[in-house]
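Heads up, the thing below is written out as structure tokens.
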2 protein chains.
Amino acid sequence: MRATVRDVASWAGVSPKTVSNVLNGTVNVRPATRARVEAAMVALDYVPNLSARGLRNGRTGMIAIALSDLQVPFFAEMMHHFVNAAAARGLQVQVEETGWDPGREARLLSRAREHQVDGLILNPVNHETTAVKPGIALPPVVLIGEVYLPIVDMVWMDNAAAIADLTGELITTGHRRIALLGMSDHPAAIARLDGYRQALRSAGIPTDPGLEIASDDWRPTSAARALNAFLDSDPGPVDAVVCCTDGAAMGALLALHAHGLRVPEDVSVTGYDNINDSAITVPPLTTIDFDKAYVADTAIALLMQRIADPEGSPRKVTLPHRLVWRSSTTSR
Amino acid sequence: MRATVRDVASWAGVSPKTVSNVLNGTVNVRPATRARVEAAMVALDYVPNLSARGLRNGRTGMIAIALSDLQVPFFAEMMHHFVNAAAARGLQVQVEETGWDPGREARLLSRAREHQVDGLILNPVNHETTAVKPGIALPPVVLIGEVYLPIVDMVWMDNAAAIADLTGELITTGHRRIALLGMSDHPAAIARLDGYRQALRSAGIPTDPGLEIASDDWRPTSAARALNAFLDSDPGPVDAVVCCTDGAAMGALLALHAHGLRVPEDVSVTGYDNINDSAITVPPLTTIDFDKAYVADTAIALLMQRIADPEGSPRKVTLPHRLVWRSSTTSR
DNA sequence: AGACTGGAATGCAACGATGTAATCTGCAGT
DNA sequence: ACTGCAGATTACATCGTTGCATTCCAGTCT
């Protein structure tokens with residue numbers, strides 16, 4: 001049977017509370033006593049029971065990370081960084097997937113405490129449907145992503161600015177007929193579309209709805225399907241395809257290849273997120289990078305503060321981005 | 001404040017224990033009483049406190065999944081399936097990463113209980129160094145992967161047989177100078193090398209150590225680096241590259257492209273694992289598929305049985321595999 | 001009518017850790 | 001030697017749930 005504070009206490013000849021004091025370090029313990037207790041813990045291989053501690057303290061030292069779908073490399077990479085950042089703070093991590101389903105998202109939020117987590121980091125599905133609304137009792141929660149909700153803490157990425165930067169740079173390097181791949185009514189898609197249009201406008205290039213290619217989601221196959229249909233529709237020449245994610249860009253590479261178009265000689269292609277795979281596609285993708293480890297660490301830091309002070313006013317951390325130029329783009 | 005069994009009980013005019021009986025359903029409760037209690041639970045938005053339950057029962061309803069690195073798409077996809085399979089059984093999932101470090105693996109095993117998990121599913125780093133050894137006290141654990149250890153439950157994949165099948169088929173379709181990419185002293189690499197050699201031998205083709213290309217790991221960049229070095233060393237013609245994983249195969253595509261070799265016209269390329277991305281590389285990869293959702297579900301089922309009966313003798317489930325032919329290979 | 005049966009409901013205690021308040025110890029100051 | 005006091009240690013109660021043993025009750029049998 002597993003050792004408890006009682007066992008450690010009797011081995012060391014002290015009371016259980018003293019053992020607890022040694023463990024938590026909030027009260028003074030005489031060095032000699034501390035040494036004896038520590039020896040006892042080692043001798044008995046004592047490991048605290050977190051269920052008991054959680055029951056007593058109302059804190060479990062566990063947080064949940066809820067992303068849409070771990071099969072998508074971007075989310076998987078984010079999860080990797082969350083796991084690392086949490087481990088660095090001695091926190092356990094529970095994984096959840098929302099699968100782009102607002103219902104699952106709402107359930108997670110309402111059931112957070114049941115799942116014995118102290119708080120939740122969430123990549124919200126959608127602005128309209130998100131369960132994060134004013135006036136609803138929420139567990140400590142930090143949002144990450146593109147949708148800005150001034151109700152809760154969040155780590156926010158300025159998608160419009162990032163895509164505008166990238167598109168502007170494409171224009172500077174001589175691209176004129178630039179398509180956007182991955183449009184939808186998802187708020188992140190809308191933000192990216194905005195950035196794309198802004199860049200065109202400020203360069204005096206007319207926007208053309210025919211070049212704004214919708215796709216069901218940002219997975220490679222969906223993007224490839226969408227771009228194939230676009231290319232089949234005889235849209236006239238296009239010298240660049242700005243994709244809403246690296247995954248979509250990978251699909252774009254596939255579709256362009258199927259249509260006999262060379263990247264970057266005939267068409268430049270860009271992605272978004274700088275996932276690991278974006279560096280090893282053929283050709284490697286020009287994309288938008290941000291520091292994922294920093295996002296993870298910041299989100300967890302915000303969450304810890306929120307747990308410590310549930311009443312403080314919401315904070316927003318804006319994330320810098322950086323353009324990464326690889327050989328899927330070239331000057332014209 | 002959150003409602004407890006006491007609150008529900010007094011609302012429904014019964015004792016706390018009756019509420020508990022309704023929740024757990026082990027004892028008979030009169031339908032009328034049950035209805036009243038259930039109404040109370042709804043009215044008060046009662047959610048059981050899992051810490052308390054865990055303390056009382058010694059079970060938390062939570063399992064840990066420990067994989068090497070979620071940044072690697074294969075592990076990310078496995079995690080996705082684990083999360084789904086666990087959710088289907090009402091289990092919570094804690095994520096852990098071992099980072100190919102036997103020390104972290106050992107720590108996870110010894111600290112499993114501290115982390116308040118009932119059991120652990122582990123993809124062991126290495127046969128020699130794994131902390132899973134006879135005579136060591138272990139929490140309930142199920143291994144998944146290529147290394148067979150008859151000490152604990154496991155879901156086992158016959159790598160040698162799979163690679164032998166694939167290589168044999170390449171030989172049948174006319175390939176003769178077949179390289180293996182991804183060799184190392186990792187037991188899974190050794191198993192795959194074995195299968196490759198077996199297939200060559202049984203076709204009467206002499207094995208050639210010069211065609212067995214080592215790489216540090218199975219990530220695309222490492223594989224690309226290894227294959228680039230190989231191709232630079234003027235090894236003579238090669239008509240197929242059998243890669244130890246899809247990730248390595250993606251690296252191979254990059255290296256071959258850099259050397260002006262066309263896939264599949266000049267060289268066929270194959271992968272292993274059938275990760276999502278393998279279908280959307282240029283060209284899409286021929287690979288070895290297995291049912292990842294089945295692995296996840298089976299591993300969790302084994303773990304549940306092990307938790308219920310810690311003493312039973314270890315079981316091993318062998319996983320079927322299936323070849324998936326895509327356009328990275330062609331007949332010669 | 002009284003004894004008996006078995007299902008339904010309850011009271012109590014315990015899981016392990018820790019906050020609170022009380023007690024104890026050693027030592028300085030008189 | 002005695003008081004006073006701060007720091008160290010302890011006893012007790014409690015967090016929410018559930019197993020055990022007990023009690024309660026309606027219905028059946030003699």
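Taking only side-chain atoms of B:N49, from C-beta outward, the nucleotide of D:dG16, D:dT18, C:dA17 with the closest atom is D:dG16.
Atom CG in A:L50 sits roughly 11 Å away from atom C1' in C:dG16 (whole-Å rounding). For B:L55 and D:dC15, the CG to P distance is 13 Å, given to the nearest whole Å. The CG-C1' distance, from B:N24 to D:dG19, rounds to 11 Å in whole Å. With rounding to whole Å, A:Q116 atom CD is found 14 Å from D:dC15 atom C1'.
The side-chain hydrogen bond (donor to acceptor under 3.5 Å, both in side chains) analysis of residues 302-317 of chain A, with sequence neighbours excluded, yields the pairs A:D153-A:R306, A:Q305-A:R315. Within the structure, the side-chain hydrogen bond (donor to acceptor under 3.5 Å, both in side chains) test picks out no pair touching residues 28-42 of chain B (sequence neighbours left out).
The side chain of A:N57 contributes no N or O atom lying less than 4.0 Å from OP1 or OP2 of D:dC15. Between A:R53 and C:dT18 there is a side-chain N or O to OP1 or OP2 distance below 4.0 Å. At D:dG16, none of the side-chain N or O atoms of B:T4 fall inside 4.0 Å of OP1 or OP2 (strictly under the cut-off).
In this structure A:D69 satisfies the salt bridge (Lys or Arg N to Asp or Glu O under 4.0 Å) test together with A:R219, sequence neighbours excluded. For B:D158, there are no salt bridge (Lys or Arg N to Asp or Glu O under 4.0 Å) partners at least two apart in sequence or on another chain.
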Check: Nucleotide by nucleotide, 5' to 3', does protein get under 4.0 Å of the base (B), only the sugar-phosphate (S), or neither (-) in nucleotides 7-14 of chain C, counting heavy atoms?
Finding: -SSBB-BB
Sequence neighbours excluded and cut-off under 3.5 Å, please list the side-chain donor-acceptor pairs for residues 56-68 of chain B, or say none.
| unit_1 | atom_1 | unit_2 | atom_2 | d |
| --- | --- | --- | --- | --- |
| B:T60 | OG1 | B:M62 | N | 3.3 |
| B:T60 | OG1 | B:Q116 | O | 2.7 |
| B:T60 | OG1 | B:D118 | OD1 | 3.1 |

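Between B:N123 atom CG and B:W100 atom CH2 the span is 9.5 Å, to the nearest 0.5 Å.
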